[in-house]
*Asks:* 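Just dropping this structure here.
To find a chain, count down the sequence lines: A is the first, B the second, and so on, and within it residues start at 1.
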Amino acid sequence: MKTLEKRIRECNDEGKKAFVPYMMAGDGGLGKLKEKLLFLQEAGVTAIEIGIPFSDPVADGEAIQQAGARALADGVTLRNVLEELERCKGEVTVPLVVMTYLNPVLAFGVPQFVEACKQAGINGLIIPDLPLEESVPLRNELRETDIAWIPLVSLTSPDERIARIAESAEGFLYAVTVNGITGARNDFREDIYSHLQRVKRICTVPVLAGFGISTPTQVREMGNHTDGVIVGSAIVEAFHRDELEKIRELVKASVVKVEIVN
Amino acid sequence: MAVEMRKGRYGKFGGQYVPETLMSALIELENAYGEAKADLKFKEELDYYLRDFVGRENPLYFAERLTEKVGGAKIFLKREDLNHTGAHKINNSLGQALLAMRMGKRKIVAETGAGQHGVATATACALFGLECVVFMGKEDIRRQELNVFRMELLGAKVVSVDKGSGTLKDAVNEALRYWVANVEDTHYILGSALGPHPFPEIVRDFQRVIGVETRRQIVEKEGRLPDAVVACIGGGSNAIGMFHPFVEDVGVALYGVEAAGSGVETGLHAAAIADGKEGVLHGAYMYVLQDDDGFIQEAHSISAGLDYPAVGPEHCHLHDIGRVKYEAVTDAGALEGLQLLSRTEGIIPALESAHAIQFAVDLANRMGKDQIVVVCLSGRGDKDMQTVRDVLGGGVE
Ligand SMILES: Cc1ncc(COP(=O)(O)O)c(C=O)c1O
């Protein structure tokens, strides 16, 4: 079992849900990356998803697009993020997950990229435009490493497909909670909880829900039906506006045990 | 030799690099297209609309005065400009609209660069009573204002995209985002031989009619196949439709013409085969204009329809195996070709097609008088009059 999955299970065993914030690397300057990671670590997150800016982020909504554009304007790249993360080793002990679109990885070179991730102590990898069918070469490179392959399942994935994707999952399975791009939502589909429960039944690794989750209430509710949540746009915006208390509240929502009322 | 026969691959190019939410829609599309292809009724229906609505078949026209002026090979023009809506794009839009209805989808999203694909798709949607949303870059809206009005008259909703350079690439990004959010009842009519499998194959098959007619027509007129076939390349749909029926004919030289913008050496161009590197954009592995970090670069061309930083996967493969030669013509060259054809033949070509014309003129000039060059005249120039006048200053002497 890779480190990332172990940590999530330990967290669940303590009666807590996993909380994985997404942040845009280099938004506000690459020099601030370590400080932000340490802040999240102290706030008690389970792992941190680090987004790499990209010129054409088709899976992302406004908040993350704009954060990415700010980072790109600052010269942030996959390469210099990994170099910066390597410098954070030792102090940052919470597992780190890199989320990047595929093309920067291809430009880096897949074996070289995996090697750089190892050097930087990365524990997981999410590539939103690399579905099951196309992911084999990259997954082969990850096999002997402690880097978990984290695939996504969507509301449109049929059960047998969810099963095949779940089989490829390490660390956790990322259950996308909306048809659409990242960004805060007020409402989710009525059948969202039964969908998440179905994914959980099919999948043996932990299941984390993500996309659109942006309030402490949503964190609690989604957490009730999964092993944890990923919060992206809300964290990105809060960092951008320097509203750190908001981030602490979101993290806290995953720690407080809730009574499930039927 | 072990040929890689993975689904949706052209050699190493193509594939399906999309978010998981779209995978089911792509699989559904692949199945629906497989069934449609095997259904004679589907073919009959499409043929009916191509004939009675689009006006096919269109002529293969011998450009006699142009040939004389150039003084080399005989030049023939495949008149896609005479299609209803003024370009080859309608061949694909009609086919995909019929396919969407087979899948029970009555909402359509599309991207457009020059506006030709948007107009063609809005037209097909009006014809069949489908809802239509078209994403178009802000810069392209400026360049092709009248096409925006045409789409709106046809009942489509046009959404301006001001991200990036506000051109075709950015419009595709937004169309993809919209499709992800509305995938359950919406079909994406992609306008070129691009995107994830099965789009490059579907678009090619619907555009193949260009090459199939041309092959028959040239044999009727000249009793033989041409020595060379030329087409411009944006994403590559008119070119692949023209080339595909000739690929096995080794005696027919095939030339794809990319947009060299201000010149390939200036970096301000859209010539992805000339200057791109392998990579993934909009769901497919292709030659893509990008920097060393894998960020996609903006394309530059006077013609909105060629202003795209990649070339469809099948072209990338045809380049790799050497079957098609890819050349590039600058903005200035295209303007020259446009004026030349206008004056010698009374045909004002689209700026996109003018790239192919200009290259074909050079090529024909180097060839013998007994040889034959066919050019795909992919569209008419009406939409470009504003742009051309801005550059030529209304002072065509
Ligand atoms: C007239 C015309 N020709 C060519 C193109 C380029 O597209 P493709 O390479 O797919 O044929 C366009 C695109 O808008 C067009 O309008």
*Asks:* Less than 4.5 Å to any heavy atom of chain A: does that hold for the side chain of B/Tyr178, its backbone, both, or neither?
*Replies:* neither
*Asks:* Would you indicate whether A/Lys2, at its atom NZ, is surrounded by more than 12 heavy atoms from other residues, nucleotides or ligands within a distance under 6.0 Å?
*Replies:* yes
*Asks:* Identify which part of B/Glu298 has an atom lying under 4.5 Å from any heavy atom of chain A, answering side chain, backbone, both or neither.
*Replies:* neither
*Asks:* Going from CG on B/Leu281 to CG on A/Leu102, what distance comes out if it is rounded to the nearest 0.5 angstrom?
*Replies:*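 Spacing of CG (B/Leu281) from CG (A/Leu102) equals 11.0 Å.
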*Asks:* State plainly whether the residues B/Glu184 and A/Arg189 are in salt-bridge range, i.e. N to O under 4.0 Å.
*Replies:*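 Yes, charged N to carboxylate O under 4.0 Å.
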*Asks:* Counting only non-hydrogen atoms closer than 4.5 Å, does B/Lys163 touch chain A with its backbone (N, CA, C, O), its side chain (CB onward), both, or neither?
*Replies:* side chain
*Asks:* Find the distance between CD1 (A/Ile181) and OG1 (B/Thr21) and round it off to the nearest 0.5 Å.
*Replies:* 11.0 Å
*Asks:* Is B/Asp292 in contact with chain A via its backbone, its side chain, both, or neither, using a 4.5 Å heavy-atom distance?
*Replies:* backbone
*Asks:* Return the CG to NZ distance between A/Leu106 and B/Lys277, rounded to the nearest 0.5 Å.
*Replies:* 12.0 Å
*Asks:* Decide, yes or no, whether a salt bridge links B/Arg9 with A/Glu134 under the criterion of side-chain N to carboxylate O below 4.0 Å.
*Replies:* yes
*Asks:* Does A/Asn103 use its side chain to pair, donor to acceptor, with the backbone of B/Gly294 at less than 3.5 Å?
*Replies:* yes
*Asks:* Tell me, for B/Ile296 versus chain A, whether the close heavy atoms (under 4.5 Å) come from the side chain, the backbone, both or neither.
*Replies:* both
*Asks:* Of all of A/Asp56, A/Val176, A/Val178, which one pairs up most often with chain B through heavy atoms under 4.5 Å apart?
*Replies:*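 So the answer, after comparing A/Asp56, A/Val176, A/Val178, is A/Asp56.
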*Asks:* Given 3.5 Å as the limit, does a donor-acceptor pair link the side chain of B/Ser24 with the main chain of A/Thr156, or not?
*Replies:* yes
*Asks:* Heavy-atom count around A/Lys200 NZ within 6.0 Å, excluding the residue itself: above 12?
*Replies:*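 Result for NZ/A/Lys200: enclosed.
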*Asks:* When heavy-atom pairs shorter than 4.5 Å are enumerated against chain A, which of B/Val183, B/Val180, B/Leu176 gives the highest number?
*Replies:*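 The answer is B/Val180.
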*Asks:* Do you know the tightest heavy-atom contact between A/Leu152 and B/Glu20?
*Replies:*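 That closest heavy-atom pairing would be O-CG, 3.5 Å.
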*Asks:* Measure the CD-CG distance between B/Gln16 and A/Leu132 for me, rounded to the nearest 0.5 Å.
*Replies:* 11.0 Å
*Asks:* Counting only non-hydrogen atoms closer than 4.5 Å, does A/Phe108 touch chain B with its backbone (N, CA, C, O), its side chain (CB onward), both, or neither?
*Replies:*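 Contact with chain B is absent: no heavy atom of A/Phe108 under 4.5 Å.
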*Asks:* Taking side chain as everything from C-beta outward and backbone as N, CA, C, O, which of these in A/Glu62 sits under 4.5 Å from a heavy atom of chain B? Side chain, backbone, both or neither.
*Replies:*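 Side chain only.
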*Asks:* Above 12 or not: heavy atoms from other molecules or residues under 6.0 Å from CD of A/Glu190?
*Replies:*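 No, CD of A/Glu190 has 12 or fewer neighbouring heavy atoms, counting only those of other groups under 6.0 Å.
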*Asks:* Under 4.5 Å from any heavy atom of chain B, what part of A/Leu72 do you find: side chain, backbone, both or neither?
*Replies:* side chain
*Asks:* Distance check, rounded to the nearest 0.5 Å: B/Asp291 atom CG versus A/Ser55 atom OG?
*Replies:* 7.5 Å
*Asks:* What part of A/Val153 gets within 4.5 angstrom of chain B, counting heavy atoms only: side chain, backbone, both, or neither?
*Replies:*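 For A/Val153, the backbone is the part near chain B, not the side chain.
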*Asks:* Rounded to the nearest 0.5 Å, how far does CD of A/Glu133 lie from CD1 of B/Ile27?
*Replies:*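 Taking CD1 in B/Ile27 and CD in A/Glu133, the distance rounds to 5.5 Å.
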*Asks:* Using heavy-atom distances under 4.5 Å, tell me whether B/Val280 contacts chain A through its side chain, its backbone, both, or neither.
*Replies:* both
*Asks:* Can you tell which of A/Pro53, A/Ala59, A/Pro57 has the highest number of heavy-atom pairs within less than 4.5 Å of chain B?
*Replies:*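 The residue among A/Pro53, A/Ala59, A/Pro57 with the greatest pair count is A/Pro57.
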*Asks:* Is chain B contacted by the side chain of A/Asp60, its backbone, both, or neither, given a heavy-atom distance below 4.5 Å?
*Replies:* backbone
